[in-house]
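Not measured: the values here are computed from a predicted model.
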Amino acid sequence: MSLSSKKPVPIAQSDPRSPITEAYRTIRTNLQFASAVDDIKVVLLTSALPSEGKTSTVSNTAVVTAEAGKKVLLIDADMRKPQIHQRFQISNLRGLSTVLIREGALGDCIVPSDTEGLFLLPSGPIPPNPSELLASKRFAELIQECREQFDLIFIDSPPVLSVSDALILTRSSDGVVFVLDAQATNRKLAQKAVASLQQIQAKLLGVVLNRVKNEPGNSYYYYHYYSSGNSASV
C-alpha cells in the first residue's frame with residue numbers, strides 16, 4: 001500500500017461548499033458545453049512544468065463531475081511521478097502499468113472512490129519505459145474500452161516540457177485542458193508548451209489559471225476556466 005499524508009484529499013470532497021469547489025464546478029460546466037458541441041469524452045489535463053496544480057485540478061474536476069450524475073474514470077497516466085493514489089488514499093500496487101504489460105485485467109485495476117460515480121485507475125508500479133507504454137497499441141485499446149464503460153474520462157498527464165508523454169497521450173484524447181500557475185509559470189515556457197500542443201494539432205479546450213490573487217493582500221487558490229475553442233492565448 002503506497003500512501004502519503006503529504007498530499008491533501010481533493011477539496012471537492014473535504015469542503016464541497018467552498019468557493020474553490022464552486023470554481024471547479026465552473027470548469028465542469030464549461031467542459032459539459034464543450035462535450036455537447038464536439039462529443040468530447042476523454043479529457044487530458046497537463047501543464048508546462050511540474051507543481052502548477054494539474055493534479056489538484058483534474059482530481060477535483062473529476063469529483064464534481066461525478067457528483068453531477070456522470071460515471072467518471074480518472075486515469076493517472078503520470079507514470080513517472082504518480083499522485084492520484086495519494087490524493088484519494090488508495091493502493092498503487094496495481095494500475096495502468098499493470099494493465100499495459102498484461103499482468104492484470106482493466107476491471108481488476110479500476111477501483112471506486114469515496115465519491116459515488118467516480119472510479120480511479122492509479123498509475124500502478126512505475127515502469128522503466130512510460131513513453132513506450134503510452135504509445136502502445138494496448139493503451140489505445142484500453143482507452144477505447146473505457147469509452148464504452150464511462151461517460152467521461154479524465155487523464156492526469158506529465159507536464160508537456162518535462163517529457164514526451166503528454167504529447168503522446170493527446171493521440172487518445174478528445175481535448176486538452178492546460179493548467180497554469182498565475183504566480184509561478186514562466187510566460188515563455190507556457191507559450192512553448194502550448195505551441196508544442198498546437199504543433200501536433202491537439203484540441204486545446206482551454207486554460208485553467210491557478211492561484212490567481214483575488215484582491216490585494218488576499219491570495220488563495222482560485223481556478224478559472226477560459227474557453228478558447230481549438231487554441232488558447234497564453
Side-chain angles (χ1 to χ4, degrees), residues 1-31 43-68 70 72-96 109-126 152-160 162 165-166 177-185 207-215 217-225:
M1 191 80 164
S2 177
L3 303 176
S4 171
S5 60
K6 296 181 180 180
K7 300 295 183 182
V9 299
I11 192 171
Q13 286 185 331
S14 63
D15 191 359
R17 297 184 179 181
S18 74
I20 302 175
T21 300
E22 189 58 37
Y24 286 119
R25 295 190 181 103
T26 300
I27 298 174
R28 177 195 68 196
T29 299
N30 280 278
L31 287 174
V43 179
L44 176 73
L45 275 85
T46 190
S47 58
L49 295 169
S51 303
E52 296 189 273
K54 67 176 179 60
T55 300
S56 294
T57 302
V58 72
S59 298
N60 284 285
T61 303
V63 169
V64 297
T65 302
E67 290 176 341
K70 300 292 185 181
V72 178
L73 177 65
L74 173 54
I75 300 175
D76 192 345
D78 190 344
M79 293 192 289
R80 300 171 191 270
K81 295 182 178 181
Q83 294 186 33
I84 294 299
H85 66 287
Q86 296 174 339
R87 302 296 175 113
F88 290 91
Q89 293 293 287
I90 62 172
S91 172
N92 197 40
L93 295 178
R94 293 162 60 87
L96 178 59
C109 294
I110 292 177
V111 297
S113 73
D114 291 337
T115 299
E116 185 177 356
L118 174 59
F119 297 82
L120 311 168
L121 179 60
S123 72
I126 296 176
L152 198 61
I153 300 159
F154 291 101
I155 301 178
D156 187 16
S157 156
V160 173
S162 298
D165 299 10
V177 173
F178 191 70
V179 180
L180 296 173
D181 185 330
Q183 299 184 39
T185 301
V207 174
V208 174
L209 192 58
N210 176 28
R211 298 188 70 213
V212 175
K213 288 187 177 181
N214 190 46
E215 58 186 38
N218 181 23
S219 176
Y220 65 95
Y221 284 89
Y222 177 78
Y223 298 81
H224 192 76
Y225 184 88

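In terms of heavy atoms, Arg25 sits closest to Pro16 at NH2-O, 2.8 Å. The shortest non-hydrogen separation linking Pro122 to Cys109 is CD-O, 3.8 Å. Listed here is the closest heavy atom pair of Ser56 and Arg87: OG-NH1, 2.8 Å. In terms of heavy atoms, Ala77 sits closest to Leu96 at CA-CD2, 3.8 Å. Pairing each heavy atom of Ile126 with each of Pro82, the nearest pair is CD1-CD, 3.9 Å.
A distance of 7.0 Å separates CG in Leu31 from OG1 in Thr61, rounded to the nearest 0.5 Å. Separation of atoms CG (Asn92) and CD (Gln86) is listed at 8.0 Å; rounding is to 0.5 Å. One finds the OG1 atom of Thr65 at 6.0 Å from the CG atom of Leu152 (value rounded to the nearest 0.5 Å). For the atom pair OG of Ser113 and CG of Leu73, the computed distance is 10.5 Å after rounding to the nearest 0.5 Å. Separating the CD1 atom in Ile153 from the NZ atom in Lys70 is a distance of 13.0 Å, to the nearest 0.5 Å. The distance from atom NE2 of His85 to atom CG of Leu121, rounded to the nearest 0.5 Å, is 13.0 Å.
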Show me, pair by pair, the donor-acceptor contacts under 3.5 angstrom made by side chains of residues 44-51, not counting sequence neighbours?
{"from": "Thr46", "atom 1": "OG1", "to": "Pro158", "atom 2": "O", "distance (Å)": "2.9"}
{"from": "Ser47", "atom 1": "OG", "to": "Leu49", "atom 2": "O", "distance (Å)": "2.8"}

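Contact annotation: the side chain of Ser59 never approaches that of Tyr24 to less than 4.5 Å [non-hydrogen atoms, C-beta and beyond].
Judged by distance alone, with hydrogens and angles left aside, the side-chain atoms of Lys54 form no donor-acceptor pair with the main-chain N or O of Pro159 at under 3.5 Å. Formation of a donor-acceptor pair under 3.5 Å by the Asp76 side chain with backbone atoms of Ile84 is found in this model. The backbone N or O of Leu180 sits nowhere less than 3.5 Å from a side-chain atom of Asn210 that would complete a donor-acceptor pair.
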Practice task
Tell me, with the steps shown, if Phe88 and Val111 meet side chain to side chain contact (heavy atoms under 4.5 Å, CB included).
Solution key: CA-CA 11 Å; Phe88 290 91; Val111 297; over 6 Å; no
Handout entry: Worked check of side chain to side chain contact (heavy atoms under 4.5 Å, CB included) between Ile27 and Val177
Key = CA-CA 10 Å; Ile27 298 174; Val177 173; 5.6 Å; no
Handout entry: Working for side chain to side chain contact (heavy atoms under 4.5 Å, CB included), residues Asp78 and Asp165
Key = CA-CA 8 Å; Asp78 190 344; Asp165 299 10; 5.9 Å; no
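Checked by atom type, the side-chain pair Ser123/Arg80 shows no donor-acceptor distance below 3.5 Å.
The side-chain hydrogen bond (donor to acceptor under 3.5 Å, both in side chains) test with Gln13 singles out one residue from Asn60, Thr115, Asp114, and that residue is Thr115.
Listed by chain and number, the residues in a side chain to side chain donor-acceptor pair (under 3.5 Å) with Ser18 are Thr21 (sequence neighbours excluded).
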